[in-house]
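Single-structure report; data block below.
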Protein chains: 2
Amino acid sequence: MDSAWLEDFLALVDGGHFSRAAEQRGITQPAFSRRVRALEDWVGGPLFDRDSQPVTLTPAGLRFRPVAEETLRRLYQGREAARAAGRAAAETLRFAATQALSLTFFPPWLRALEARESFSATVHLTAAHMAACEQVMLRGEAQFLLCHHHPAAASFLMSEPFRSLPVGTDHLLPVSAPVPGAATPLFSPSETSGTPVPLLGFSGESGIGRILAATRAVEESGARLGPSFTSHLASVLVAMARDGRGLAWAPMSLVADDLARGTLVRAAGPERDIAIEIRLYRARARQSPPAERLWAAVAGGSGTAGG
Amino acid sequence: MDSAWLEDFLALVDGGHFSRAAEQRGITQPAFSRRVRALEDWVGGPLFDRDSQPVTLTPAGLRFRPVAEETLRRLYQGREAARAAGRAAAETLRFAATQALSLTFFPPWLRALEARESFSATVHLTAAHMAACEQVMLRGEAQFLLCHHHPAAASFLMSEPFRSLPVGTDHLLPVSAPVPGAATPLFSPSETSGTPVPLLGFSGESGIGRILAATRAVEESGARLGPSFTSHLASVLVAMARDGRGLAWAPMSLVADDLARGTLVRAAGPERDIAIEIRLYRARARQSPPAERLWAAVAGGSGTAGG
DNA sequence: GAGGCCAATGCCGATGCGGCATCAGGTGAT
DNA sequence: ATCACCTGATGCCGCATCGGCATTGGCCTC
C-alpha cells in the first residue's frame, strides 16, 4: 500500500472527476485511474461509484475516507516528529565525566566555554566512574570524556581511535581532617607510631585510583597505611576524611574549599603533590557539527592538541 | 511511502538483525537493507544505529516507532471496516415502494417471504410517491420497486432495462364517509343534485393518480366532480374522505379496514372497481447475490415472470 | 444523430525493485 | 596472531511494474 494511493483517493473524493484529480496529482488520467483501482484492490472492494457524475463514494469508500485522512495526517506528523527528534539529538552535546570533575570542574568550564563561544546546543552529561565512562565512550553514547590524566596511567583512550586536548591542570594530594583546634593533620604519611594510618582508598574502577596505583604514590609516601575504606567516588572518600576517618589522596579541585575553610588539611608537603592534567577526549571519527564546533573552540582557546 | 516499509521497520525493531528480519519478511537481506534505507530517506534521517549489535533505534527511530505501529493498525482496521461496510451494503436489500403499499402491503408480504425463504439480509425501504420511486430506481439507489400497475398507465419501468413480477392484486374503488347513522355514502358519483361532488384527487406524481388518469375512471363515472383537494399521498386522501370531505378513489388494500368498520363506504358498486396489479420491478442488470436470491424466490414462489 | 466529456484499456518504454554475488568490518575461537 | 564466521552494505542484472500515449466505449447534450 503506497501512501500516494491515499492522497489519490482524497484528491478524487475532493475533485469528483478522475481527470481533474489526476491533473491535481500531477499524473495522467489513465495512470490515476489505475492507482485508484490499485487502492480498491488493496481494500478489497470498490470505493467509488463511477456511474454518477461527479463520482461518489460507495459505503465502503465513505467508511474508508476518515481512515485515509487520519493515516496520512499521522504519518506526516510522525515524520516531522521523528525529524525533530533526530535534529535535537544531533544538536545535543553528550559528555561523560568522572564524578569528581562533574561536581567541581565541569560546570564553570562549560559556562566559560559557552560565554566565549556562545553555544546554544543542549548538553547531556553522564557522570560515572572512570571505567564506566570509558564504556560510554566505546559505545559512542557520549561524544566527549572529561577526566584526569597522568602519563603513567595508561588507557585505551590514548590509542589511535581517540584524541584529546588538555583543558586544565590539577593535583593529587593527601588530605586529612585536622587535629581538633590545630592546623596539623589528624593522620599523615610521615607518622611512624604503632598503629598504621587508616587509608581511604580508591577502588579499581576509579581513574584517580589508577593514577595513584601507576605512580605508586601511596607506597612512595613511606607511610605505614592500612586500607580502612574504599570507594570509586572521590567525594565519598573526601567526606570520610572530613569526618576524621583516615587519610585520602584527592584532587585539589575537590578539596580546595575544605583546605581554605580548614575542614581538611594537607597531610604532606606540596612537594609530594602529583601533578595531573584534566583532558577532554573524543573519538577521532567525525562527530556532529555542534560537537566539532565545540572541539574546535576548545582546541583554539585553551591549549595545544595532543594525540 | 510504502506501508511495507513500516512492516519492515517494525520487523527490524523486533528482530534486531537485518538478516533475521529480512527472512521474517520473506525477502533477501540486501533488499531488506535497501527498503529500510528507503524508509530512512523518506523520514529524513537514520532510524537505526547499525553500529550496535543488535541494531538499536536512534532517537528519531524511537520517536517513529509508535507512529509506524499506529499507522499500520489504523490502516488495517480501516480496511476491515471498509470491507465490512461494503459487504453490509452488498447484502442489504434496498426497496422502493409507493406509500400506500409501504403501509399496508409491504410488511406482511416481506414477512411471508422471509418465513418461506429464511432471508437474513437487512432491508432498506424508501417510501415515496411514484415519481420519486422511479428516480430512485433510475439512480440505482434501490434494487426493487414495489408499486401498483395497470396496463393503461405507461411507465419507463415497462421498457427494456427493467423487468417485473406480479406479487399481488388490488382494486381501486371510490369511497366516501357514510351518511351519519346509515351505510350509504355521503358522496357518490351517481349524485345528480346541484352542487358537484367534492373530489379528493391524486396529484401527478402519484402512481394511482396516473392509473386513474389513464383509465379515465373519474370521467367515466359520470359524476359531476369538483376537485376540492389533491395530494400525492393516498393515505392523506383516505383520511380526508374519512372526515367527510369528499369522494376518493383508493386502493382496496388501504381502505379494507375502514370498509369493514364502516368508517368508509363504497361510493359505487363493485362493477366499477378498477382491477390493478401489485408488481415488483427490478433493473435487468445483474444485482447483488442476496438481491438475486430474493428475485428468484419471488419468481419461483408466487407467479410468472413478466417483461 | 453528431459532438464532447469522461473513465477504461492496450501498448510501450523507462524506472525501480529484488535477487545474486561479493565486499567490508567486527568478533570470537583456536 | 590468524582464521572463520556473522554482520550489514554494494555492484550488477533481469524482470515486474508503473506511467504516458493513443484509443475505445459509454453517456449526455445540443
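Distance check, rounded to the nearest 0.5 Å: CZ of Arg94(B) to CG of Leu145(B) gives 13.5 Å.
Remark: Thr92(B) pairs with Thr122(B) by the side-chain hydrogen bond (donor to acceptor under 3.5 Å, both in side chains) rule, at least two apart or across chains. With sequence neighbours excluded, no residue satisfies side-chain hydrogen bond (donor to acceptor under 3.5 Å, both in side chains) with Thr230(B). For His129(A), the ring pair (Phe, Tyr, Trp, His ring centres under 6.0 Å) partners at least two apart in sequence or on another chain are His232(A). The side-chain hydrogen bond (donor to acceptor under 3.5 Å, both in side chains) test applied to His149(A) returns Tyr281(A), not counting sequence neighbours.
A donor-acceptor distance shorter than 3.5 angstrom exists from the side chain of His150(A) to the backbone of Ala152(A), with no hydrogens or angles considered.
Residue pairs meeting the salt bridge (Lys or Arg N to Asp or Glu O under 4.0 Å) criterion with at least one member in residues 76-89 of chain B, sequence neighbours excluded, are Glu80(B)-Arg83(B). For residues 25-40 of chain B, the set of pairs meeting the side-chain hydrogen bond (donor to acceptor under 3.5 Å, both in side chains) definition, not counting sequence neighbours, comprises Asp8(B)-Arg25(B), Asp8(B)-Arg35(B), Glu40(B)-Arg50(B).
Running 5' to 3' along DNA chain D, contacts with non-hydrogen atoms of chain A at under 4.0 Å begin and end at dG19(D) to dA22(D). Mapping heavy-atom proximity under 4.0 Å, the span of DNA chain C touched by chain B runs 5' to 3' from dG18(C) to dA21(C).
Proximity of residues 19-26 of chain B to DNA chain D (heavy atom under 4.0 angstrom from any strand atom) is restricted to Ser19(B), Arg20(B). Residues from residues 34-44 of chain B that place a heavy atom under 4.0 Å from any atom of DNA chain D, listed by number: Arg34(B), Arg37(B).
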For residues 59-69 of chain B, which side-chain N or O atoms pair as donor and acceptor with protein atoms under 3.5 Å away, sequence neighbours left out?
| residue | atom | partner | partner atom | Å |
| --- | --- | --- | --- | --- |
| Arg65(B) | NE | Glu69(B) | OE2 | 3.3 |

Residues 207-215 of chain A side chain polar contacts: donor-acceptor under 3.5 Å, at least two apart:
| residue | atom | partner | partner atom | Å |
| --- | --- | --- | --- | --- |
| Arg210(A) | NH1 | Glu134(A) | OE2 | 2.8 |
| Arg210(A) | NH2 | Glu134(A) | OE1 | 2.8 |
| Arg210(A) | NH2 | Glu134(A) | OE2 | 3.3 |
| Thr215(A) | OG1 | Ile211(A) | O | 2.8 |
| Thr215(A) | OG1 | Leu212(A) | O | 3.3 |

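In this structure, Pro166(B) and Ile278(B) have side chains that are not in contact, with every pair of non-hydrogen atoms separated by 4.5 Å or more.
For the ring pair (Phe, Tyr, Trp, His ring centres under 6.0 Å) with Phe144(A), the lone residue among Phe162(A), Phe95(A), Phe106(A) that qualifies is Phe95(A).
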